[in-house]
Amino acid sequence: MLRLATWNVNSLKARLPRVEEWIEQMQPDVLCLQETKLADGAFPALTFQAMGYECAHHGQGQWNGVAILSRCGLADVRAGWDDGGEADLDARLLWATCGDLRVACAYVPNGRALDDDHYAYKLRWLERLRTALDDHEDPSALVAVCGDFNIAPDDRDVHDPAAFVGATHVSEAERAALTRLENWGLADVFRDHYDDGGLFSWWDYRRGDFHQGRGMRIDLVLTSASLTPKARTVLIDRNARKGKQPSDHAPVIVDLDLDLDR
DNA sequence: ATGGTCGTTGCACGA
């Protein structure tokens, strides 16, 4: 069994004690982190190495930053875009091969508001991710695209859809961009296991939203057709959102029926 | 009550 997880930690510097504790408890084999908010030189690689993980980090400091930790191999690392287009100033995308699994760690732009330039950047970014899949990846392989998508795939993934009319994360264009990614040959593996709404991965720090159940499911694991049926258990670890100094996101865990030997 | 909290950095802004 291979335990794959993804977690937006909202600053790895602020979150390192919680992340270390969580790794000890949950023992992921592959862990994708978003919003490390660290420069590459500040990434605590030795800490994770001491816990048995190889690491790749693509960071810029202050904002963004993505990492992949693996204790089942780490090869063919690629950071950002390789499409001949303009460089992305934001560190939001990292790829690695971990054993038999091709993994992407994505921190999709927030979008801010429908009329904001950042929203157009978000849609372009998602289209570029589809292009990266077309250009570099094999849809028949074992592929997992993990991360904070900043998109609630449907209204079950929002605590109050009426409150989000006209807002980012739920717009038709964002959801269509996600569908276009899925049309490459990926499935939202959480939805393969649960039909229920009200199961969220992010809650605003304000207003006691976590304890009031006001959240969204925006952290996703998209699995290729050969990988999807290998998922034995999918869960959002909302316990990680409790307690002192939590991230505003909870980790998503997928246990995959894959051999760890290579 | 048209805010509320965190993170960054540095007294503002992003999420």
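In this text the structure is predicted, and so the values were computed from the model without any measurement.
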Measuring only the [atom1] atom in each nucleotide, how far is [N] from [M]? A whole number of Å is fine.
N	M	atom1	result
B:dA12	B:dG4	P	14 Å
B:dT9	B:dA15	P	15 Å
B:dA1	B:dC11	P	32 Å
B:dG3	B:dG7	P	22 Å

Among residues at least two apart in sequence or on other chains, which ones pass ring pair (Phe, Tyr, Trp, His ring centres under 6.0 Å) with A:W22?
A:W7

Partners of A:F164 by ring pair (Phe, Tyr, Trp, His ring centres under 6.0 Å), sequence neighbours excluded?
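Expected list: A:H159.
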
In this structure, which one of A:L256, A:L4, A:V189 forms a side chain to side chain contact (heavy atoms under 4.5 Å, CB included) with A:L227?
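With A:L227 as partner, A:L256, A:L4, A:V189 yield a single side chain to side chain contact (heavy atoms under 4.5 Å, CB included), made by A:L256.
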
Parallel, tilted or perpendicular, as decided by the 30° and 60° cut-offs, for the rings of A:F210 and A:W203:
perpendicular

Taking the side chain from A:R71 and the backbone from A:V30, do they hold a donor-acceptor pair closer than 3.5 Å?
no

If only atom types and distance count, is the side chain of A:Y53 paired as donor or acceptor with the main-chain N or O of A:P28 below 3.5 Å?
yes

Both A:Y107 and A:R207 contact DNA chain B. Taking the nearest nucleotide for each, which residue is further toward the 5' end?
A:R207

Return whichever of A:N8 or A:D204 has its heavy-atom-nearest nucleotide of DNA chain B closer to the 5' end.
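Of the two residues, A:D204 wins.
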
At a heavy-atom distance below 4.0 Å, what parts of residues 235-252 of chain A sit against DNA chain B?
none

Output the rest of the hydrophobic cluster of A:L126: all Ile, Leu, Val, Met, Phe, Trp and Tyr residues reachable through side-chain heavy-atom contacts under 4.5 Å, sorted by chain and number.
A:W81, A:L93, A:W95, A:V108, A:Y121, A:W125, A:L129, A:L133, A:V143, A:V145, A:F149, A:I151, A:L178, A:L181, A:W184, A:L186, A:L220, A:L222

Could you give the start and end, 5' to 3', of the contact zone on DNA chain B for chain A, using atoms under 4.0 Å from its heavy atoms?
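Listing 5' to 3', DNA chain B meets chain A from B:dG4 to B:dA15.
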
I'd like to check the salt bridge (Lys or Arg N to Asp or Glu O under 4.0 Å) partners of A:D204; sequence neighbours left out, ordered by chain and number.
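Listed in chain order: A:R206, A:R207.
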
